[in-house]
Every structure is written in structure tokens, then in C-alpha cells.
Amino acid sequence: MALTGRAALLAALGSIPVGVLEPGWTGILAVNGPLALACACDYALAAPVRRLVLSRSGDTSIRLGETADVTVTVTNPSRRPLRARLRDAWPPSSWQPGTETEASRHRLTVPPGERRRVTTRLRPTRRGDRQADRVTIRSYGPLGLFSRQGTHKLPWAVRVLPPFTSRKHLPSKLARLRELDGRTSVLTRGEGTEFDSLREYVPGDDTRSIDWRATARQSAVAVRTWRPERDRHILLVLDTGRTSAGRVGDAPRLDASMDAALLLAALASRAGDRVALLAYDRRVRALVQGSSAGDVLPGLVNAMAPLEPELLETDARGLTAAALRTAPRRSLIVLLTSLDAAPVEQGLLPVLAQLTQRHSLLVASVADPHIARMAKARGNTEAVYEAAAAAQAQSERQRTAEQLRRHGVTVVDATPEDLAPALADAYLALKGAGRL
């Protein structure tokens with residue numbers, strides 16, 4: 001089959017002998033000489049890559065699951081038009097599997113003295129910082145036979161924030177908070193509540209709330225209304241040690257703990273409480289404190305983004321000391337950790353008194369829904385053995401939780417989907433009972 005166009009040129013060029021001249025070389029040169037000249041001209045007319053001026057712009061932070069657009073601007077200062085292919089290299093986790101080639105490679109043409117923009121759309125699959133690697137450009141001549149290639153270091157970073165999927169529960173929890181705050185007909189009373197106002201008695205009210213002095217001054221029976229105290233201190237403690245690396249479903253336990261902590265932080269800040277964050281395993285991994293109500297959630301999200309589980313055992317004594325330093329006043333300490341028997345009995349229980357002596361302690365843990373499914377399995381011998389193993393694991397977990405409750409600790413143990421709303425409910429119950 002006869003070759004035409006670029007294929008014929010490449011075939012002819014490939015027949016040029018290298019090294020020792022073979023018989024008939026003169027004839028080959030007579031045919032390929034003009035083609036070699038054309039190829040040399042093609043190479044010479046390709047725009048130089050090193051002289052290109054590149055710059056970046058675009059998104060610097062997104063939530064996990066969203067897309068980020070990062071633009072590369074290419075300026076061609078030479079007198080030759082740039083016909084090029086561009087590869088914008090990022091870490092593999094910057095895209096969904098199988099989409100990197102299409103997303104990172106671009107074709108562009110830049111006339112002399114002008115600039116063009118290409119946009120790389122990232123869709124990261126993990127939290128944390130994604131750093132741009134380098135930009136590689138291959139510049140072609142007008143015939144496309146030869147090219148010049150070079151790379152440019154063009155730093156850029158996109159921070160991938162936690163997705164905060166539990167945000168959908170916030171409206172219902174805020175409605176419950178308004179009830180506790182005395183803004184609706186449902187009113188609460190407890191040791192730590194503040195007097196709010198007087199209103200007329202209605203059937204069903206607690207008779208202990210009747211204000212007899214105010215009743216004596218008017219014709220109707222008056223009752224006191226109460227509202228939970230504000231300006232309480234909440235310390236969220238994330239255990240980033242070995243147990244937080246265990247995967248439940250498609251994500252590590254640490255991610256579910258973060259999501260629950262964010263919902264609680266959003267709720268507590270709306271309630272007028274002060275929220276701080278401590279992430280710890282054998283050293284402090286993140287610390288956020290002193291933020292105003294409007295800045296606390298962005299601060300927590302930004303601090304959580306680069307956190308990763310550390311494959312080492314958490315130092316419970318160090319964690320306790322760091323928590324006590326971070327919460328000098330009486331606070332509600334929310335410890336998001338594992339309820340596995342060994343870490344609790346050997347690590348947390350020996351130092352528990354130091355925390356509960358001055359503070360209220362709430363322990364929240366991520367339960368594996370697969371264990372619950374295994375416990376219900378039946379039908380064959382293997383399923384029965386799995387059900388027995390799951391039942392034993394659940395029993396040990398419940399026994400560990402009961403040990404903590406006997407020391408006055410509030411325990412929340414729920415699956416990743418239910419942990420955030422369950423933790424928020426526990427906070428509201430403590431606040432309504434005046435125990436903060």
C-alpha cells in the first residue's frame with residue numbers, strides 16, 4: 001500500500017542509513033535529502049519551549065467530592081506560533097480513576113506575542129493538600145514531524161476539605177436547640193440553666209416552676225421559664241492514632257469522627273458556646289482555639305483537611321495532658337476515639353479520673369455496621385460462626401461502654417451515618433439537663 005502525507009515522509013526519513021555507507025547511498029540521499037531539509041526546517045520553525053511564560057490561577061480549596069478548576073496561562077513571547085500539547089501533572093488522587101489522561105492533557109495554539117489559557121479540572125478522591133507537579137509542553141513545527149519539549153515548574157496547591165455530609169442534620173438540631181433556648185413553647189429546667197422570663201401558667205407545666213411572689217402580685221399564676229446557659233466551653237478531641245485508621249465502608253474511622261465533630265461544632269457555636277479542637281496521637285497534630293463563632297467552623301475544616309491517621313498507639317497520658325492544657329476552665333470534652341477493649345482499658349481508664357474530676361466527658365466512637373449484619377447472619381455453618389464472632393465483638397464493646405458510664409462518662413456508639421446526629425443529640429441532652 002502506498003504511503004501518503006506524513007506517513008510517507010516518516011517512512012522515507014527512516015530509510016536514511018546510519019553509520020557505514022551502504023551501496024546505493026547516493027540514490028537514497030538524492031531522494032531523502034529534500035525530506036531531511038524539510039524536517040530540519042520543521043524543527044527550526046517549532047516555537048521554543050524554554051522561552052514560554054507560564055502562570056497559574058484558580059481554586060485553592062474545595063470540599064471532597066467537588067471539582068476544582070486550575071487554569072494555566074501560556075504566553076508566547078517568540079516570533080513563531082506555538083502549536084503544542086500540554087500536560088499538567090498532579091498526584092494520581094487528584095482525579096477519579098481512569099480520568100487523568102483526559103483531564104490533564106490539552107492542545108493549544110498560541111500566536112506570536114499572545115497568550116492562551118487551558119483549564120485542568122480536578123476531582124480529588126482524598127482529603128489533604130494536592131500539589132501541582134510540573135507542566136510539560138511539546139511544541140510542534142508546522143508539519144508536525146519534529147518537536148521541542150520542555151518542562152516548567154509551576155507551583156500550586158489545592159486543599160481538599162472534609163465534605164461535611166452531616167450538614168443536612170443541622171436544621172433539625174437547630175430547631176431542637178431553639179426549643180431548649182425557650183424560643184418555643186417547650187421549656188426546660190436543670191441545674192445549669194438560667195432564668196429567662198415569666199409567663200402565665202398552663203396545664204401541664206411543672207409546678208416547681210411557679211413563681212409564688214409574682215403570682216401574689218397579679219391575678220394569674222405565673223411560672224418561670226428557663227434557658228440553657230451560654231458561653232460554655234466545648235473541646236473536641238480527635239484521636240488520630242492507630243485505631244482511627246481502620247476503614248469502615250469506604251473511609252477510615254477518622255473521617256466519620258471529623259464529620260461528627262463538625263456538626264457538633266456548628267451546633268454548639270450557634271448555641272453560643274465556645275468550641276476548640278485538639279487532634280492528638282503521640283503529639284499534637286492540630287490545635288484550634290480562640291476562634292469567634294463565625295470563624296470556628298472554617299478554622300476546624302481547614303485544620304482537619306491535612307490530618308491522616310498515624311499507625312502508632314495513642315499516648316493516653318499525653319492526650320490527657322494536652323486536653324487539660326487546652327481546656328483550663330470547666331468544659332465538655334468530646335473524645336472521638338475507639339471503644340475497643342484494649343485501648344480503653346490499658347490507655348483511657350487509668351487516666352480517666354484526671355478528665356472527669358474537672359470536666360464533663362463524652363466519648364464518641366464509630367461502630368462498624370458490618371458487625372451488626374454479621375450478627376444477624378444465618379443459613380450455613382460459616383454464617384453461624386460469623387454471627388457468633390460478631391456477637392462476641394458487640395458484647396465486648398458494650399462492656400467497655402458500660403465501664404466508661406460507671407465513671408460518669410456519656411458514651412455515644414453509632415455507625416458512620418448515625419454518629420453525627422447521635423452526638424448532636426447527646427450534646428443537646430446534656431445542655432437541656434444543665435450538665436455543661
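A salt bridge between Arg399 and Glu402 is absent, with no side-chain N of the basic residue lying under 4.0 Å from a carboxylate O of the acidic one. Electrostatic pairing of Asp88 and Arg56 counts as a salt bridge here, judged by a charged N lying under 4.0 Å from a carboxylate O.
Residues Ser93 and Arg130 bring a donor and an acceptor atom of their side chains to less than 3.5 Å of each other. A donor-acceptor contact under 3.5 angstrom links the side chains of Arg330 and Ser360, judged on distance only. Side-chain contact annotation: Asp259 with Ser166, donor-acceptor N/O pair under 3.5 Å present. Residues His106 and Thr120 have side chains that bring a donor and an acceptor to within less than 3.5 angstrom of each other. Side-chain contact, Arg397 with Ser365: a donor N or O sits under 3.5 Å from an acceptor N or O.
Panel note: side chain Ser395, backbone Ala391; no donor-acceptor pair is recorded below 3.5 Å. Under the 3.5 Å distance criterion, the side-chain polar atoms of Trp95 are matched with a main-chain donor or acceptor of Arg121. The main-chain N or O of Ala327 is found under 3.5 Å from a side-chain atom of His359 such that the two form a donor-acceptor pair. Side chain of His169 to backbone of Ala422: no donor-acceptor contact under 3.5 angstrom is found. Remark: side-chain polar atoms of Arg127 are paired, donor with acceptor, to backbone N or O of Ala305 under 3.5 angstrom. Although no hydrogens or angles enter the test, the distance criterion places no donor-acceptor pair under 3.5 Å between the side chain of Ser78 and the main chain of Asn76. In terms of modelled atom types and a separation under 3.5 Å, the side chain of Arg274 and the main chain of Gln289 share no donor-acceptor contact. Within the 3.5 Å criterion, the main-chain N or O of Ala46 finds a donor-acceptor partner in the side chain of Arg148. Judged by distance alone, the side chain of Ser139 and the main-chain N or O of Ala47 form a donor-acceptor pair under 3.5 Å. Put simply, the side chain of Thr240 gets close to the backbone of Tyr280: a donor and an acceptor are under 3.5 Å apart.
Rounding to the nearest 0.5 angstrom, the gap separating the CG atom in Leu264 from the CG atom in Leu428 is 8.5 Å.
Residue pairs meeting the salt bridge (charged side-chain N to carboxylate O under 4.0 Å, His left out) criterion with at least one member in residues 280-307, sequence neighbours excluded: Asp281-Arg285, Arg285-Glu310. Counting only residues at least two apart or in different chains, salt bridge (charged side-chain N to carboxylate O under 4.0 Å, His left out) contacts with residues 384-396 are absent.
Within 6.0 Å of the CZ atom in Arg105, the count of heavy atoms belonging to other residues, nucleotides or ligands exceeds 12. Surrounding CZ of Arg247 are more than 12 heavy atoms belonging to other residues, nucleotides or ligands, all under 6.0 Å away. More than 12 heavy atoms of other residues, nucleotides or ligands lie within 6.0 Å of CZ in Arg159, so this atom counts as buried by the packing criterion. No more than 12 heavy atoms of other residues, nucleotides or ligands sit less than 6.0 Å from atom CG of Asp250.
When side chains are defined from C-beta on, Leu300 counts as touching Leu236, because their heavy atoms get closer than 4.5 Å. Inter-residue side-chain proximity for Val248 and Pro369 is flagged as met; some heavy-atom pair is nearer than 4.5 Å. The closest side-chain heavy-atom distance from Thr125 to Gln96 is below 4.5 Å. With contacts defined as side-chain heavy-atom distances shorter than 4.5 Å, the pair Phe164/Val301 does not qualify. A heavy-atom distance below 4.5 Å is found between the side chains of Ile137 and Leu54. Here the side chains of Arg123 and Ile62 are not in contact, with every heavy-atom distance at 4.5 Å or above. Gln403 is listed as a side-chain neighbour of Glu345, based on a closest heavy-atom distance under 4.5 Å. Residues Arg116 and Pro111 meet the side-chain proximity criterion, which asks for heavy atoms closer than 4.5 Å.
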Checking Leu352 against Leu349 for the side chain to side chain contact (heavy atoms under 4.5 Å, CB included) test, could you report, in this order, the C-alpha distance in whole Å, the side-chain angles of both residues, the deciding distance, and whether it holds? CA-CA 5 Å; Leu352 196 60; Leu349 285 179; 3.9 Å; yes
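Leu335 pairs in a side-chain contact (heavy atoms from CB on, under 4.5 Å) with only one of the listed residues (Leu319, Leu404, Val409), which is Leu319.
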